[in-house]
J.: 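First the structure, then my questions, so here it is.
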Amino acid sequence: MPLSIATWNINSVRLRQDLVVRLAAEHAPDVICLQETKCPDAHFPRRIFEQLGYRHIELHGQKGYHGVAVLSRRQIEPVIARPFCGIGDCRHICVDVDDGRGGKVRLHNFYVPAGGDEPDPAVNPKFAHKLAFLDEMTAWFAAERDAVAPSDRAVLVGDLNIAPLADDVWSHTQLLRVVSHTPVETEGLERVRAALGWVDVVRRHIPPPEKLYTWWSYRAKDWAAGDRGRRLDHVWISPGLSAACDRVAVLREARGWDRPSDHVPVIARLDI
DNA sequence: ATGGTAGCTGTGCTA
């Protein structure tokens, strides 16, 4: 029974709940992972999603900023919502998803800090926070790799706020000094990936040199004409499970929906 | 040379 998982930075779930409904209606992913919900848990619009069949909901939200959520048509169990960097930001939630055959898939949903404008951790605390967040992810997954019983049925999704490859941005050379594509970030993200051997299944299905983006700035006059995008949203799968991923989709068209998020959904399907 | 838009908050911050 295939398991499909979507990830989407929704930029306010209350403002754009109708767009999540549209995603559910048109693509029916089994699980929807959201970032930037900007919504305290007590005010999350549960009912609209429950009515669509997403009856299993786990939240880690806060007022105004950040916030992550998992909506699922399959049974899920909460595992942890880790407070990275010792501050209260809601940027991670982890659940176990019932795989329909007596097993489970561990699912991490991340919202990595954007990092501000200046790519120098000595003068920009937001950039220092971003790099520290990546280092903590690396240490955490390295510990998981070395654990007595490591999970090799795991999926990591989210807005990682880094475009790792040259073809993940509209201009590699022009963005090398722009936060999201600097070498210190892409190298840091590569250490996170390598800590557990995560497989970037989106790029396995849509390899370079094809350009691939999941985010376009609101500030462009015409996002589609300029097409100055970046691939900030990712789906990674643990080595033992990665071969099961038989389909991925980047829903570029969602950037053109009415009152859109600046990010689009990415969906991966696991044939398990 | 450095603006442009968006959301939430509260008269600015974050992205």
Side-chain angles (χ1 to χ4, degrees), chain A residues 7-23 33-45 48 59-69 83-92 109-121 123-134 157-164 168-171 173-182 184-186 188-189 213-234 252 254-266:
Chain A
T7 178
W8 196 6
N9 179 321
I10 194 62
N11 188 19
S12 174
V13 68
R14 283 177 288 187
L15 195 68
R16 296 189 223 286
Q17 64 181 46
D18 290 350
L19 298 189
V20 183
V21 169
R22 183 170 177 180
L23 171 70
C33 294
L34 300 174
Q35 304 88 35
E36 278 207 275
T37 54
K38 298 184 174 179
C39 181
D41 294 349
H43 297 146
F44 195 90
I48 185 76
L59 304 172
H60 189 209
Q62 66 185 87
K63 182 177 170 183
Y65 302 100
H66 324 312
V68 289
F84 277 80
C85 301
I87 55 179
D89 287 3
C90 297
R91 296 182 178 275
H92 169 258
N109 177 12
F110 275 98
Y111 176 50
V112 172
D117 289 331
E118 180 59 51
D120 179 354
V123 301
N124 175 7
K126 290 196 285 254
F127 196 68
H129 178 214
K130 185 177 196 175
L131 299 181
F133 196 102
L134 295 174
V157 306
D159 175 5
L160 305 184
N161 264 316
I162 296 171
D168 292 339
V169 292
W170 63 275
S171 169
T173 51
Q174 287 183 254
L175 285 167
L176 272 173
R177 295 168 56 83
V178 174
V179 171
S180 72
H181 195 59
T182 65
V184 67
E185 292 169 87
T186 57
L189 189 66
Y213 315 134
T214 65
W215 173 89
W216 293 260
S217 172
Y218 283 126
R219 296 173 188 175
K221 282 191 175 63
D222 183 335
W223 72 273
D227 199 20
R228 294 185 168 192
R230 307 177 198 172
R231 187 172 73 105
L232 305 180
D233 303 273
H234 299 271
R252 178 185 169 103
R255 187 64 177 78
W257 291 354
D258 189 41
R259 293 260 276 164
S261 170
D262 46 355
H263 296 252
V264 298
V266 181

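Worth knowing before you read on, the calculation uses all heavy atoms, side chains too, and leaves out hydrogens, waters and symmetry mates. So that the names make sense, note that chain A is the first sequence line, chain B the second, and so on, each numbered from 1.
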J.: When the distance from CG of A:Asp262 to P of B:dA6 is rounded to whole Å, what number comes out?
T.: 10 Å
J.: Which value, in whole Å, describes the distance between the C1' atoms of nucleotides B:dC13 and B:dT9?
T.: 9 Å
J.: Which is true for A:Lys63 with a 4.0 Å heavy-atom rule: it touches a base, it touches only sugar-phosphate, or it touches nothing?
T.: sugar-phosphate
J.: Both A:Lys221 and A:Leu15 contact DNA chain B. Which one's nearest nucleotide lies toward the 5' end?
T.: A:Lys221
J.: Report yes or no: is the cationic atom of A:Arg228 (NZ for Lys, CZ for Arg) under 6.0 Å from the centre of the six-membered ring of A:Trp170, at an angle within 45° of the ring normal?
T.: yes
J.: How many whole angstroms separate atom CG of A:Asp117 from atom P of B:dG3?
T.: 11 Å
J.: Please check the phosphate of B:dC8 (OP1 and OP2 only) for any side-chain N or O of A:Ser12 closer than 4.0 Å.
T.: yes
J.: Which part of the nucleic acid does A:Arg259 contact within heavy-atom distance under 4.0 Å: base, sugar-phosphate only, or nothing?
T.: sugar-phosphate
J.: Can you check the A:Lys38 NZ to B:dC13 P distance for me, whole Å?
T.: 15 Å
J.: Mind checking A:Arg14 for me? I need base, sugar-phosphate or nothing, with any heavy atom below 4.0 Å counting as a touch.
T.: nothing
J.: Output the rounded distance in Å from CG (A:Asn9) to C1' (B:dG7).
T.: 12 Å
J.: Name the nucleic acid region contacted by A:Arg230, choosing base, sugar-phosphate or nothing; use a 4.0 angstrom heavy-atom cut-off, strictly under.
T.: nothing
J.: Examine B:dA6: is either OP1 or OP2 under 4.0 Å from a nitrogen or oxygen in the side chain of A:Arg16? Give yes or no.
T.: no
J.: Between A:Arg91 and A:Tyr218, just flag the one whose closest nucleotide in DNA chain B comes earlier from the 5' side.
T.: A:Tyr218
J.: For B:dG10 versus B:dA6, give the span between their P atoms, rounded off to a whole number of Å.
T.: 22 Å
J.: How far, in whole Å, is B:dG3 from B:dC8 if one measures between their P atoms?
T.: 25 Å
J.: May I have the distance from A:Asn161 (atom CG) to B:dT14 (atom C1'), rounded to whole angstrom?
T.: 11 Å
J.: Considering only the P atoms, how many Å lie between B:dG12 and B:dA1, rounded to the nearest integer?
T.: 28 Å
J.: Work out which heavy atom in A:Val264 is nearest to a heavy atom in A:Arg255; give both atom names and the distance.
T.: CG1-N, 3.4 Å
J.: Figure out the CD/C1' separation between A:Gln62 and B:dG7, and round it to whole Å.
T.: 14 Å
J.: Just checking, is any N or O donor in the side chain of A:Gln35 or A:Thr7 under 3.5 Å from an acceptor N or O on the other one?
T.: yes
J.: Once you round it to whole Å, what is the distance between P of B:dA6 and CD1 of A:Ile10?
T.: 15 Å
J.: With rounding to the nearest 0.5 angstrom, report the CD1 to CZ distance, A:Ile87 to A:Phe133.
T.: 9.0 Å
J.: Write down the distance between OH (A:Tyr65) and P (B:dT9), rounded to a whole number of angstrom.
T.: 8 Å
J.: So, for A:Trp8 and A:His263, which heavy atoms are closest and what is the spacing to 0.1 Å?
T.: NE1-O, 2.9 Å
